[in-house]
A.B. asks: 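First, the structure itself, so that you have it in front of you.
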Amino acid sequence: MEKKWWHDKVAYQIYPKSFCDGNGDGIGDLQGIISRLDYLKELGVDIVWLSPIYKSPFVDQGYDIADYYAIAEEFGTMEEFDELLAEAKKRDMYIIMDLVINHCSDQHEWFQKALANPKSEYADYFYFREGKNGNPPSNYRSYFGGSCWEPVPRTDLFYFHMFAKEQPDLNWENPKVRQELYNMINWWLDKGLAGFRIDAIINIKKNLAFPDFEPDGADGLAGCWKMVDSVDGVGELLEDLKKNTFQKYDAFTVGEVFNMKEGERSEFIGEDGHFSTIFDFSAHCLSDGAHGWYDAPPLDFKTWRETVTNSQLEVQKCGFEANIIENHDEPRGVSRFLPEYAQNPAGTKMLGTISLLLRGIPFIYQGQEIGMQNAVWNSIEEFDDISTKDQYHTAREAGLTDEEALEVCSRMSRDNARTPMQWSSEKNAGFTSGTPWLKVNANYQAINVKQQEKAPDSVLNYYRRLVAVRKSPEYKNVFTYGTFEPEYEETDTVMAFYRHDGEKRMLVAANFGREAVELELPYPVKNIILSNMGRIHMEDTLKLDSLEVIVLECR
């Protein structure tokens with residue numbers, strides 16, 4: 001495998017609105033991020049991914065972009081962004097941005113021109129289609145619920161949107177649209193950006209006939225992803241994108257890809273793949289319900305272990321994926337992947353160790369390194385997220401009571417990851433001196449950065465040691481390029497694997513159960529590298545207490 005500059009890096013995702021507020025208006029901003037760069041450096045972060053900071057009406061929290069060349073006033077100015085790039089460079093850190101190019105905002109100049117004259121060239125920047133007998137052109141349901149088709153005022157036309165109606169899809173079959181987007185991407189890369197996380201990119205390829213599908217719900221609609229699954233040719237568009245932009249700059253790209261077809265992985269992340277890496281969502285998909293959050297199955301440890309293991313074995317045949325516990329679109333991982341008895345510092349460290357030492361690029365989401373958890377939500381009015389509100393109504397329509405629907409949303413809402421970063425036990429968790437845009441998690445006095453920095457055995461200080469082990473000169477190669485090999489798969493509670501590169505063999509083993517376990521060690525122990533319980537000695541057998549994780553160098 002050709003070695004790339006990003007292979008051995010550790011990434012950190014910032015959700016700017018909730019990270020750190022520098023001016024006291026209740027919204028996180030660029031100055032807030034700049035003020036915390038040293039904190040990220042001390043954690044061991046190399047690559048910082050910013051969720052969208054472009055000009056936007058924020059219908060979908062910035063994933064509806066009104067101007068790709070402008071910074072949203074809420075976050076600051078372009079001069080402040082340039083300052084962020086410069087300050088990151090001083091610390092040998094890289095900045096990547098979110099790239100949202102399947103759709104834009106309905107406030108974007110292109111869409112406004114299309115609405116003003118549906119016969120103009122700008123209408124072909126989008127998908128304008130005639131309806132059928134006054135009804136939409138096809139029976140697609142958007143990702144956020146309701147029809148994918150919205151009437152164009154004063155016409156018999158409809159425009160297509162896979163997300164909110166305020167997010168019209170861009171027509172990737174139009175070469176002018178592609179060139180406009182390529183020019184914009186290259187403009188940011190010329191500024192010194194290191195790359196992009198690429199949002200919902202698999203959706204750019206459409207079946208231009210927009211055929212109906214068998215309805216899969218009581219609303220008579222079919223999920224728009226069925227069209228995505230049924231159409232071929234997205235690879236040609238992705239290659240065109242790469243060759244006209246990323247490839248010229250040796251940019252780091254991480255794709256958000258949910259609908260990859262069987263056998264396509266190497267095309268996406270192989271030696272000459274469309275992207276540097278894509279996120280591994282396999283474990284997160286275990287919580288997908290057939291009809292929504294309300295019928296999501298409970299998470300089973302053995303299924304989770306098997307899913308992560310199989311994904312690792314498959315991916316290492318062709319490239320690298322990006323490993324996450326949580327992100328801005330998911331609830332907190334501690335609350336999701338750990339049983340209630342394990343939702344504590346020991347369990348949090350255990351889960352983090354497994355994630356960061358898998359083969360692939362580790363991504364830490366803001367607050368993960370201090371063990372932030374889901375919030376307690378008292379009513380649907382407390383949520384801001386458009387998707388959560390849709391899921392609440394879906395659950396109510398399926399017959400759940402208000403309390404049951406609220407419980408479902410409390411467990412699965414994206415807003416759990418969007419509550420403000422918990423910096424201290426001061427008012428508003430030290431996030432802002434004003435009124436936060438979204439409520440602060442009530443547990444901020446028990447879980448916060450300032451408190452954990454002072455405690456040697458805290459989750460934060462453990463994460464710092466964990467990242468340092470992964471990046472250390474002695475172990476960097478084995479944890480970057482070493483093969484993944486599962487161990488103890490026949491056990492009921494242990495998740496374990498080797499990483500070996502021909503020179504070193506490392507064993508990562510964690511006991512997710514309530515009871516201690518004792519297992520035979522196939523290889524003698526050379527050193528204990530890391531332990532979440534301070535274990536410093538290991539005999540010829542592997543002993544793990546409940547919620548203990550250990551990293552061993554074997555002979």
Side-chain angles (χ1 to χ4, degrees), residues 1-13 44-49 93-94 96 98-99 194-199 201-202 235 238-239 241-242 246-247 249-285 307-327 352-365 368 466-467 469-472 475-486 497-504 506 508:
M1 177 182 291
E2 182 187 352
K3 295 191 175 182
K4 299 287 190 178
W5 67 262
W6 44 265
H7 278 167
D8 59 2
K9 301 297 186 278
V10 173
Y12 187 97
Q13 181 188 356
V45 170
D46 304 293
I47 298 170
V48 177
W49 157 28
M93 296 164 79
Y94 303 85
I96 68 172
D98 233 304
L99 188 61
F196 295 94
R197 175 267 186 182
I198 302 148
D199 179 72
I201 192 64
I202 206 79
L238 297 179
E239 275 303 291
L241 167 64
K242 181 183 83 170
F246 314 137
Q247 192 169 278
Y249 298 84
D250 195 23
F252 171 64
T253 54
V254 51
E256 182 192 32
V257 177
F258 276 103
N259 302 65
M260 196 164 46
K261 293 181 172 66
E262 192 73 33
E264 278 188 340
R265 188 180 268 109
S266 61
E267 293 175 33
F268 278 83
I269 57 168
E271 196 73 57
D272 194 31
H274 308 317
F275 304 120
S276 309
T277 184
I278 59 176
F279 289 110
D280 183 0
F281 291 118
S282 58
H284 300 77
C285 292
T307 300
V308 173
T309 297
N310 289 345
S311 180
Q312 285 277 297
L313 292 171
E314 197 59 38
V315 172
Q316 69 183 356
K317 295 175 185 175
C318 66
F320 283 89
E321 284 194 349
N323 300 314
I324 63 167
I325 293 174
E326 59 205 37
N327 67 16
T353 308
I354 293 295
S355 179
L356 263 73
L357 297 184
L358 291 171
R359 188 180 178 283
I361 315 298
F363 271 71
I364 300 169
Y365 179 71
Q368 176 186 323
L466 173 60
V467 173
V469 165
R470 184 183 172 99
K471 295 176 65 178
S472 68
Y475 301 112
K476 185 195 301 194
N477 192 76
V478 69
F479 283 125
T480 302
Y481 296 107
T483 300
F484 170 93
E485 181 187 325
F497 54 87
Y498 293 105
R499 300 294 311 280
H500 55 88
D501 63 358
E503 290 186 14
K504 291 190 183 303
M506 315 299 294
V508 181

A.B. asks: Distance-only, no hydrogens or angles: does the Glu256 side chain make a donor-acceptor pair with backbone N or O of Phe279 under 3.5 Å?
C.D. replies: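 Side chain of Glu256 to backbone of Phe279, a donor-acceptor pair under 3.5 Å: no, none is there.
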A.B. asks: Is the side chain of Lys504 donor-acceptor paired with the backbone N or O of Gly482 at a distance under 3.5 Å, no angle test?
C.D. replies: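 No; zero donor-acceptor contacts below 3.5 Å.
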A.B. asks: Please check if the side chain of Asp46 supplies one atom and the backbone of Val10 the other of a donor-acceptor pair under 3.5 Å.
C.D. replies: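 Checking the backbone N and O of Val10 against the side chain of Asp46, a donor-acceptor pair under 3.5 Å is found.
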A.B. asks: Any side-chain heavy atom of His284 sitting closer than 4.5 Å to one from Ile324?
C.D. replies: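 When only atoms from C-beta onward are counted, Ile324 and His284 do touch, with a gap below 4.5 Å.
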A.B. asks: Go through Ile278 and Met260 one step at a time and tell me if the side-chain contact (heavy atoms from CB on, under 4.5 Å) criterion holds.
C.D. replies: CA-CA 11 Å; Ile278 59 176; Met260 196 164 46; 3.8 Å; yes
A.B. asks: Side chains of His7 and Met1: closer than 4.5 Å at any heavy-atom pair?
C.D. replies: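 A side-chain contact exists here, since the closest heavy-atom pair is under 4.5 Å.
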A.B. asks: Can you check whether Lys3 reaches Tyr481 side chain to side chain, under 4.5 Å on heavy atoms?
C.D. replies: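 In short, these two side chains touch, coming nearer than 4.5 Å.
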A.B. asks: Please name all residues satisfying ring pair (Phe, Tyr, Trp, His ring centres under 6.0 Å) with Phe268, sequence neighbours left out, ordered by chain then number.
C.D. replies: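 Per chain and number, Phe268 pairs via ring pair (Phe, Tyr, Trp, His ring centres under 6.0 Å) with His274.
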A.B. asks: Just checking, Arg470 and Tyr475: is the charged tip under 6.0 Å from the six-membered ring centre and within 45° of the axis?
C.D. replies: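 No; the conditions do not both hold, so Arg470 does not lie above the ring face of Tyr475.
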A.B. asks: State, to 0.1 Å, how close Val478 and Met506 come at their nearest heavy-atom pair, and which atoms those are.
C.D. replies: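 For Val478 versus Met506, the nearest heavy atoms are CG1-CG, 3.7 Å.
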A.B. asks: Phe275: which residues meet the ring pair (Phe, Tyr, Trp, His ring centres under 6.0 Å) condition with it, sequence neighbours left out?
C.D. replies: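 Ring pair (Phe, Tyr, Trp, His ring centres under 6.0 Å) check on Phe275 returns nothing, list empty.
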A.B. asks: What pair of heavy atoms forms the shortest contact from Tyr94 to Ala194, and how long is it?
C.D. replies: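 Residues Tyr94 and Ala194, closest heavy atoms: CB-CB, 3.6 Å.
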A.B. asks: Using modelled atom types only, decide if a donor and an acceptor are shared between the side chain of Arg499 and the backbone of Phe479 within a distance under 3.5 Å.
C.D. replies: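 Yes.
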A.B. asks: Under a 3.5 Å distance rule, please check whether Asp8 uses its side chain to pair with a backbone N or O of Asn477 as donor and acceptor.
C.D. replies: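 Judged by distance alone, no pair lies under 3.5 Å.
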A.B. asks: Rounded to the nearest 0.5 Å, what's the gap from CD1 on Ile364 to CD on Glu326? Could you check?
C.D. replies: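 Answer rounded to 0.5 Å: 10.0 Å.
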A.B. asks: In terms of heavy-atom contacts, does CD of Glu503 have more than 12 from other residues, nucleotides or ligands at under 6.0 Å?
C.D. replies: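 It does not: Glu503 CD has 12 such atoms or fewer within range.
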A.B. asks: Has Lys471 got a side-chain atom pairing as donor or acceptor with Gly44's backbone, closer than 3.5 angstrom?
C.D. replies: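 Between the backbone of Gly44 and the side chain of Lys471 there is a qualifying donor-acceptor contact (under 3.5 Å).
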A.B. asks: State which residues pass side chain to side chain contact (heavy atoms under 4.5 Å, CB included) with Ser311; sequence neighbours excluded, sorted by chain then number.
C.D. replies: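 For Ser311, the residues satisfying side chain to side chain contact (heavy atoms under 4.5 Å, CB included) (neighbours in sequence not counted) are Asp280, Ser282, Val315, Glu321.
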A.B. asks: Quick one, Phe246 with Leu99, criterion side-chain contact (heavy atoms from CB on, under 4.5 Å). Give me CA distance, side-chain angles, the key distance, then yes/no.
C.D. replies: CA-CA 12 Å; Phe246 314 137; Leu99 188 61; 4.0 Å; yes
A.B. asks: Would you compute the distance between atom CD1 of Ile198 and atom OG1 of Thr253 and round it to the nearest 0.5 angstrom?
C.D. replies: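 OG1 of Thr253 is found 5.0 Å from CD1 of Ile198.
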A.B. asks: I'd like to check Ile361 versus Trp6 (side-chain heavy atoms, cut-off strictly below 4.5 Å). Are they in contact?
C.D. replies: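 A side-chain contact exists here, since the closest heavy-atom pair is under 4.5 Å.
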A.B. asks: State whether the side chain of Thr307 and the backbone N or O of Ala283 hold a donor-acceptor pair below 3.5 Å, judged by distance alone.
C.D. replies: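 Not a single qualifying donor-acceptor pair exists.
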A.B. asks: Of the non-hydrogen atoms in Ile325 and Gly352, which two are nearest, and what is the gap between them?
C.D. replies: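 Closest heavy-atom pair between Ile325 and Gly352: CD1-CA, 3.9 Å.
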A.B. asks: Using modelled atom types only, decide if a donor and an acceptor are shared between the side chain of Gln312 and the backbone of Arg359 within a distance under 3.5 Å.
C.D. replies: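 Here the side-chain-to-backbone pair exists.
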A.B. asks: Kindly say whether Cys318 contributes a backbone atom to a donor-acceptor pair with the side chain of Ser266 at under 3.5 angstrom?
C.D. replies: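 A pair under 3.5 Å: no.
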A.B. asks: Evaluate side-chain contact (heavy atoms from CB on, under 4.5 Å) for Val308 paired with Asn323, printing each intermediate quantity in order.
C.D. replies: CA-CA 10 Å; Val308 173; Asn323 300 314; over 6 Å; no
A.B. asks: Taking the side chain as every heavy atom from C-beta outward, state whether Ile354 and Phe497 have any atom pair closer than 4.5 Å.
C.D. replies: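 The answer is yes; the side chains approach within 4.5 Å.
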A.B. asks: Test side-chain contact (heavy atoms from CB on, under 4.5 Å) on Phe281 and Val257 and set out the steps.
C.D. replies: CA-CA 9 Å; Phe281 291 118; Val257 177; over 6 Å; no
A.B. asks: With Lys4 as the cation and Phe252 as the aromatic partner, state whether NZ or CZ is under 6.0 Å from the six-membered ring centre and within 45° of the axis.
C.D. replies: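 Judged by the rule, Lys4 and Phe252 form no cation-pi pair.
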A.B. asks: On the 0 to 90° scale, with breaks at 30° and 60°, tag the Trp49-Phe363 ring pair as parallel, tilted or perpendicular.
C.D. replies: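 Aromatic pair Trp49/Phe363 classed perpendicular.
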A.B. asks: Is it true that a side-chain atom of Ser276 and a backbone atom of Val254 form a donor plus acceptor pair closer than 3.5 Å?
C.D. replies: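 Side chain of Ser276 to backbone of Val254, a donor-acceptor pair under 3.5 Å: no, none is there.
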